[in-house]
Amino acid sequence: MTKVFGSLVANDRVDLSIAKGEIHALLGENGAGKSTFVKMLFGSLEPNAGTIRWKGEAQAITSPSMARQLGIGMVFQHFSLFEALTAAENIALALDRSTPIAQIAESARKLSRDYGLPLDPHSLVGDLSVGERQRIEIIRCLLQKPELIILDEPTSVLTPQEADKLFETLERLRDEGKSILYISHRLEEVKRLCDRATVLRHGKVVDHCNPRDETAASLARMMVGEEVQAVSRPDHAGGDGEALLDIRGLSRPAATPFSVPLRNIDLSVRAGQVIGIAGVAGNGQGEFFEAVSGEVRQPEAGAVRIRGTDAGQLSISARRKLGAGFVPEERLGHGAAPGLPLSQNLLLSRHATDSRTYLGPLGTVRYGALTAGARRIVQEMDVRKSGEDPEAAALSGGNLQKFIIGRELDRRPAVMVVNQPTWGVDAGAAARIRQSLIELARSGSAVLVISQDLDELFEMSDAIAVMHNGTLSSPVPIAEATYESVGLLMGGAEPGHKATAHAEGL
Amino acid sequence: MRIELVKRPRHSVLFSALSPFVALGLTILAGAIMFALLGKNPVVGLYSYFIEPLTETWSLHELAIKAAPLILIATGLCVCYLSNNWNIGAEGQFITGAILGSLLPVIFPGFTGPLVLPIMILLAMIGGAAYAGIPAVLKMRFGTNEILTSLMLVYVAQLFNDWLVRGPWRNPEGFSFPGTVTFHADALLPEILPASGRANIGIVFALVAAIVVWFILARTLKGFEVRVLGQSPRAGRFAGFSPRSMTLFAFLVSGALAGLAGITEVSGAVQALNEKLSVGYGFTAIIVAFLGRLNPLGVIVAGFVLALTYLGGEAAQISLQISDKTARVFQGMLLFFVLASDTLIHYRVRIVRGAGEANRA
């Protein structure tokens, strides 16, 4: 299969075969062409060249409904559910027939029992956790009796325990003779679950292999094409640095019916420390970041203190002037303005703190100084780009992220708050970003990292706190934290709860 | 079969710069076809439309008189549109400015001296800004659509002006024609070169305003704020800028400039407030702003081009005996071709056969 977007070859003669009753992994970094490939398979993108043979017959799959009729089902990474409707109603919407809701609810309940996917068909989607929402998608897919099920990064939104449950379901489906195409960039779970793997890099097939015969390192090498530098975290010398970022009793009502209210959050980040905040997406991390950065101000001045100054009522610019630096989750359109060149994106977060360098008399902008500053950051962070000063949108995700992180590191902030530092970033760039944040902390700054990637947090943090439903657990020192304990907190267990006592969501 | 617009991976800088000229060329071509369909010689038609007004000194003066309000209003609209605030009601702000600016010579004709004109100009700018402030505040407080509110306020201003010049402000010695007294000498804008024509200092205001706003937009932090908030409001908030204050700022600036244009028209060209004040400068200025690529320096050029269509319309009426409404046709075609070229710079047209659900996840 070949697919070309403009000048980009997203898929270059990709060959792949999936046998009956196998779990086949499609491995690759972000941007390797995995999503493009499955969209062609599912009929939502039209290939430029290539053929699809389904049970030996060449088929031109022109639409998702045709794919479904053939027996191909898909569970998307980003769910397409209506939050104001019940689970059963959402399922009914996707089915082309006019089956009564009660009947759908009944068959959904039966499927959920059979496959160990607990779900109440009459619950409102808005009230469900991400893991439960994924179950709706899976059940919706299974109701259409597919023979091939495509799952796009299914574990990226799950706690480790929820992921285990999902693997059991998938193994059961395989044993019933169904085929599964499993898309992921997580090597351990591919090794554990999959029978065969196809590795993509830059739109081309690098290799087909049996993941069980490979090591995580050899798979990573295939994906990335080179050795990935390991991140080193030197021991944190002094235990009790000064608390540079102090959050006391931070609460925030939900701004919209489906956003998460923050409840009484306490956290101190000390000089020299990296604190990680784990949590499944949508548990209040975005709301928390906005409150800490000052994009949304607090009624109580003492809720957020930066270097000993009450900052709760200060604007984001004033908080930056106190020495804080911020990197939001969304790169394009939040951390950077897509249509502006890098040099002007430098001004975006630095106009208040570095007004002497970048602004002249009458508020004029010193473009020369900006260009020089951008060049320095590009060099320091090894940002790969085409042209002297390209628009932010012209950079790849990883390179833009390196620039946005570098933009803050460049002024050596005393407090650094980063939301999803390496989301969608290739392995090499991710290692570099993590290393630079650790070095910033070790040079005496306080670093707060919010991430959904547990591997990343365990690699970087001195202590990990967990955000669940708008509350934050107290940080657990890294030496005492395990994937299991953090995973339980992510699922909403009380701190100190025994693993055996933890019951599944319903 | 279906026609799709596909985003180009990168847009050509050359064609971005050329697009106003391409649009102008296509407009002239379409105009020639229109003249031919009307049974007129296209060459004669285009000549009397676009060249003849430029051949005589007095009509160059008229060109400056028509260009001044267009440039003033369009300069303000650049600030609005770049910051993603869609002020469509400049015509209303133009009228309100003219009314408030006329207060002094109409109500207090006995008050004379060198202070009269500066006060009139100040009042006009305040009037225009205040009137533009209404849709801005409505947008900030209630999230109303500023396109609708600003547009509807145009009709309010037009009818109010109509009532004023037929009722309370009507010239008692005006033989019942609608309109105020003719302004006294201290309330009139000085002419630049009185010997050769009646162009007044309004065109100087326009050029100065355009250059000052260009400097602010291109070289200062305020201009950066305008562009960032216009392109991506979330990144603007992250930078510490407020989209709400920007809405107010953009509307006040463009309202004040539209008000200035209003008083320029009244105390310069017409010399009295009357019911024919509103000839659509506020709407034509939208075309000027886009033809000038939302750059005040480009707006200066575009302002003269659009002013020419007004003069050409009058000239064609005399020499070809066709309706001066053709001026509106030319303006409409110009806007159409500018927007079409801009769209085609960023997108290419693709014709899809078959009924695939393309590009949808």
Side-chain angles (χ1 to χ4, degrees), chain A residues 5-8 35 39 42-46 60-66 74 76-78 80 152 290 293-296 315-320 326-328 330 332-340 344-345 347-352 355 358-360 362-367 390-392 394, chain B residues 1-2 4-13 16 82-84 143 212-246 249 294 345-348 350-361:
Chain A
F5 294 110
S7 57
L8 175 83
S35 293
K39 278 182 188 164
F42 197 56
S44 51
L45 274 185
E46 196 185 330
I61 302 178
T62 53
S63 72
S65 63
M66 181 178 175
M74 176 142 183
F76 288 97
Q77 185 179 5
H78 300 287
S80 45
D152 191 359
E290 282 180 347
S293 68
E295 284 180 277
V296 176
S315 68
I316 185 166
S317 292
R319 293 185 197 197
R320 286 188 177 121
F326 306 102
V327 176
E330 204 79 33
L332 280 179
H334 193 177
L340 295 183
Q344 295 189 30
N345 268 301
L347 191 62
L348 197 69
S349 75
R350 300 275 296 268
H351 62 85
S355 54
Y358 297 131
L359 297 181
L362 292 172
T364 47
V365 176
R366 294 199 164 130
Y367 288 102
E391 292 179 357
Chain B
M1 198 186 84
R2 181 175 83 247
E4 268 184 1
L5 287 179
V6 183
K7 200 152 172 54
R8 294 178 194 271
R10 58 189 51 169
H11 59 265
S12 152
V13 178
S16 290
L82 283 173
S83 66
N84 207 11
V212 167
V213 172
W214 168 80
F215 181 81
I216 292 173
L217 286 176
R219 313 297 305 183
T220 70
L221 186 65
K222 193 72 193 171
F224 178 72
E225 185 181 338
V226 168
R227 275 175 288 137
V228 171
L229 284 172
Q231 287 187 13
S232 86
R234 195 126 185 257
R237 267 205 304 278
F238 180 68
F241 304 140
S242 155
R244 285 154 55 99
S245 340
M246 178 51 66
F249 172 81
L294 299 183
I345 285 169
H346 290 279
Y347 298 88
R348 65 188 170 82
R350 194 172 77 131
I351 294 171
V352 184
R353 280 165 232 284
E357 255 181 81
N359 292 327
R360 218 167 299 153

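Chain naming here is simple, since letters A, B, ... match the order of the sequence lines and numbering starts at 1 in each. Keep in mind it's a predicted model, so treat the numbers as computed, not measured.
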inquiry  = In the structure I gave you, are the side-chain heavy atoms of A:Glu46 and A:Thr62 within less than 4.5 Å of one another anywhere?
reply    = no
ask   = Side chain, backbone, both or neither: which part of B:Phe238 has an atom under 4.5 Å from a heavy atom of chain A?
value = both
task = Determine the option with the most heavy-atom pairs under 4.5 angstrom with chain A, choosing from B:Ser232, B:Ala218, B:Ala235.
result = B:Ala235
task = Check whether A:His334 gets within reach of chain B through its side chain, its backbone, both or neither, counting any heavy atom under 4.5 Å.
result = both
inquiry  = With a 4.5 angstrom heavy-atom cut-off, is it the side chain or the backbone of A:Arg320 that approaches chain B, or both, or neither?
reply    = side chain
task = Give a yes-or-no answer on whether the side chains of A:Ser315 and A:Ser317 include a donor-acceptor pair shorter than 3.5 Å.
result = no
ask   = Of all heavy-atom pairs between B:Met246 and B:Leu229, which one has the smallest distance, and what is that distance?
value = CB-CD1, 3.5 Å
note = Of A:Leu348, A:Leu332, A:Leu359, the largest count of non-hydrogen pairs under 4.5 angstrom with chain B goes to A:Leu348
query = What part of A:Tyr358 is in contact with chain B, defined as an atom under 4.5 angstrom from a non-hydrogen atom: side chain, backbone, both or neither?
reply = neither
query = Just wondering, do B:Leu221 and A:Leu347 contact through their side chains at under 4.5 Å, heavy atoms?
reply = yes
query = Between A:Asn345 (side chain) and A:Ala337 (backbone), is there a donor-acceptor pair under 3.5 Å?
reply = yes
